[in-house]
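Below, chain A is the first sequence line, B the second, and so on; all start at residue 1.
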Amino acid sequence: MEKILDKDEKWPACPVCGAEVVKPEGEIMYYCSNAACPAQVQQRLEHFVSRGAMDIRGIGESLSAILLAEGLVKDVADLYYLKAEQLAQLEKMGDKSADNVITAINNSKERPLARVIFALGIRHIGAETAEILATEFHSIDELSNTSREKLMSIPTIGPKIADSIVTFFQQEVNRNIIKRLREAGVRLEKEVVKAEELPLAGMEFVITGHLEAFTRQEAGARIKALGGSTSSNVSRKTSYLIVGADPGSKLARAQALGTKQLNEEQFLELLRQK
DNA sequence: GAGCCTCGAGATCT
DNA sequence: CTCGAGGCTC
């Protein structure tokens with residue numbers, strides 16, 4: 001039920017910057033409409049450096065506030081242009097602490113794509129959705145150039161999230177931040193995982209019977225993408241026999257060899273764990 | 001029967 | 001927030 005305002009009644013204003021507040025339809029909370037609101041800027045910075053995001057140790061609530069107040073940082077990209085000497089001049093900051101912070105910032109340049117997406121602070125994009133986006137897109141560029149339709153075709157992503165993403169990448173401020181992150185050397189592409197580090201590395205799979213979720217070819221592709229291999233015959237080298245509906249003679253052979261088996265549900269579970 | 005709305009469950013985000 | 005179920009309209 002929408003509140004009706006009396007003629008002279010004012011909408012509540014942001015307690016920090018005094019800007020007009022908005023209340024998205026169906027929601028209870030009011031949000032400050034000013035993206036440049038100091039409180040919002042600080043929250044975005046804190047979120048960016050937080051553990052689940054870029055994980056920059058040494059910068060938290062306190063230092064974030066100081067960096068903003070001193071004008072050393074105006075947005076998250078500025079972090080990567082900080083100099084140790086600038087930090088060392090701050091209150092309660094010596095050369096040692098300053099160096100530690102700079103090192104932490106540099107280390108964060110290699111974070112996995114999912115974390116970078118999460119760190120950007122796009123509305124409705126939490127750790128989970130960021131993870132999903134990182135499996136669908138190879139880079140921030142690819143994500144930023146995608147369409148509302150493509151996004152909506154992804155399970156768990158509906159109109160609200162799709163719009164939020166599209167709008168975010170349309171904003172000039174955000175494009176600029178991404179540009180400077182790239183120029184500073186922050187990796188905005190999917191990490192290249194070494195073959196031997198893939199989750200199914202060294203495992204050989206054989207499929208028997210009919211799978212519901214996908215064709216043999218698709219199943220094989222998924223296995224390969226995770227570093228595993230496939231074969232058409234069960235042997236002592238076979239790690240798992242995937243048993244679909246109406247299994248063939250491979251099942252008997254697997255039983256004779258004592259090969260481990262997975263039903264389709266267990267196989268899907270294995271893929272989900274990555 | 002396609003299109004649109006509401007509603008509730010279950011998952012996710014703030 | 002997303003998504004599917006069920007009810008309504010045309």
In whole angstroms, how far is the [atom2] atom of [N] from the [atom1] atom of [X]?
| X | N | atom1 | atom2 | result |
| --- | --- | --- | --- | --- |
| A:Ile161 | B:dC13 | CD1 | P | 7 Å |
| A:Ile132 | C:dC3 | CD1 | C1' | 14 Å |
| A:Arg123 | B:dT14 | CZ | P | 8 Å |
| A:Ile157 | C:dC3 | CD1 | P | 9 Å |
| A:Ile154 | C:dC1 | CD1 | C1' | 15 Å |
| A:Met152 | C:dG4 | CE | P | 13 Å |
| A:Leu133 | C:dT2 | CG | P | 12 Å |
| A:Lys160 | C:dC3 | NZ | P | 12 Å |

Query - Value rounded to 0.5 Å, distance of CG in A:Leu79 from NZ in A:Lys109 - result: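 Nearest 0.5 Å value for the CG-NZ distance: 11.0 Å.
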Query raised in the report: If you check the A:Pro159 side chain, which of B:dC13, C:dC1, C:dT2 turns out closest?
Result: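 Minimum distance to the A:Pro159 side chain belongs to C:dT2.
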Query raised in the report: Taking side chain as C-beta onward, heavy atoms only, is A:Asp95 less than 4.5 Å from A:Glu85?
Result: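 No, every pair of side-chain atoms sits at 4.5 Å or beyond.
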**Report entry** Donor + acceptor pair across side chains of A:Asn176, A:Lys179 (<3.5 Å)
**Finding:**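 No pair is found: no donor N or O on one side chain lies under 3.5 Å from an acceptor on the other.
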Query raised in the report: Using the ring of each side chain (for Trp, its six-membered ring), is A:Phe205 parallel, tilted or perpendicular to A:Phe267, with breaks at 30° and 60°?
Result: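 Geometry flag for A:Phe267 against A:Phe205: tilted rings.
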Query raised in the report: Do any side-chain nitrogens or oxygens of A:Thr156 fall under 4.0 Å of OP1 or OP2 in C:dC1?
Result: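 So the side-chain polar atoms of A:Thr156 never come under 4.0 Å of the phosphate oxygens OP1 or OP2 of C:dC1.
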